[in-house]
Amino acid sequence: MNGDGIPRRGLMLVLSSPSGAGKTTISRLLLEADPGLTLSVSVTTRPKRPDEVDRRDYSFLDSAAFEKMRAAGDLLEHAKVFGNDYGTPRAPVEKALAEGLDVLFDIDWQGARQLKGKAPKDVVSIFVLPPSTGELHARLRRRAQDSDDVVAQRMKRAPDEIAHWNEFDYVVVNRDIQESVASVRSILTAERLRRQRQVGLPVFVKGLSEGL
Ligand code: 5GP
């Protein structure tokens, strides 16, 4: 539903970025500000970080459990990132969309590409860039949850990730977190108002014409 009660088709909002560009913080603030948006919680074989909560940030699985989900077709998309497996469980996404919610995905470019291939009309993709390489490095170090090796590995991968910027519908340079959140919210507002997504418009407009 729109704010004005017209039935609307849910959308899939994909946020991607190199690790450390601020995407996770943007996602958290977006979710706090928008009750119509729900997060797709991924499954991963990566070890849990100290401040992460199982099934809130990720569902942490071993390789066998991940492979079982993949083989059963229970993942909408999946990819290997930094040597670990990540995937999007299908059922919660389908349930949320059916309930009229929009779904937010914090996934990499490989996942974004797969989702866009499967649901081109429903996916809106945003790429978040850091303002500079120096800032990206500083943010990764500030996170202080990963070992120096992991930080170095993530810095090394950043150019490969950034190389995919031009596959996305929108690009936001994250200079200021509040500004970036405001930009993403504007995108979401506009995309929700797309005529094709407002599937209740014919009935609404018919009512208007009849009332004239
Ligand atoms: P991190 O280990 O820092 O949480 O995530 C590493 C990268 O994997 C990030 O770019 C994140 O967006 C991506 N990622 C997280 N979950 C998924 C997923 O389900 N699918 C894909 N393709 N990428 C994911």
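We count ligands from 1, going down the list as the structure has it; atoms in each ligand are counted the same way. Everything quoted here is computed from the prediction, not taken from an experiment.
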Nearest neighbour in protein (non-hydrogen) for atom 20 (N) of ligand 1: E77 OE2, 2.7 Å
Atom 24 (C) of ligand 1 - nearest protein heavy atom and its distance: I107 CA, 3.6 Å
Salt-bridge criterion met for D57 and R46 (N-O under 4.0 Å): no
Protein contact of atom 7 (C) of ligand 1 - nearest heavy atom, named by residue and atom, plus distance: V81 CG1, 3.7 Å
Side chains of T25 and I177 in contact at under 4.5 Å (non-hydrogen atoms): yes
Summary of ring-ring contact (aromatic ring centres under 6.0 Å, His included) pairs that have at least one residue in residues 85-134, sequence neighbours excluded: Y58-Y86, W109-H164, F127-F168
Pair listing, ring-ring contact (aromatic ring centres under 6.0 Å, His included) test, anchored in residues 7-51, at least two apart: none
Proximal candidate to atom 13 (C) of ligand 1 [heavy atom criterion; set L75, D108, L115]: D108
Ligand 1 atoms in contact with F82 (distance to a heavy atom under 4.0 Å): 6 (C)
Closest protein heavy atom to atom 16 (N) of ligand 1, given as residue, atom name and distance to 0.1 Å: S42 OG, 3.2 Å
N or O pair under 3.5 Å between E161 and ligand 1: no
Short N-O contact, R175 and E179, less than 4.0 angstrom: no
Carboxylate-amine/guanidinium contact D102 R8, below 4.0 Å: yes
Salt bridge present between D148 and R141 (N-O < 4.0 angstrom): no
Any Y58 heavy atom less than 4.0 Å to ligand 1: yes
Q110 touching ligand 1 at heavy-atom level, < 4.0 angstrom: no
Numbered atoms and elements of ligand 1 in range of G111, under 4.0 angstrom, heavy atoms: 22 (N)
Element-labelled atoms of ligand 1 that are located less than 4.0 Å from some non-hydrogen atom of R46: 1 (P), 2 (O), 4 (O)
Heavy atom of R154, distance to ligand 1 below 4.0 Å: yes
Enumerated ligand 1 atoms positioned under 4.0 Å from heavy atoms of K23: 9 (C), 10 (O), 11 (C), 12 (O)
Heavy-atom side-chain proximity of Q178 to I26 below 4.5 angstrom: no
Any R49 heavy atom less than 4.0 Å to ligand 1: yes
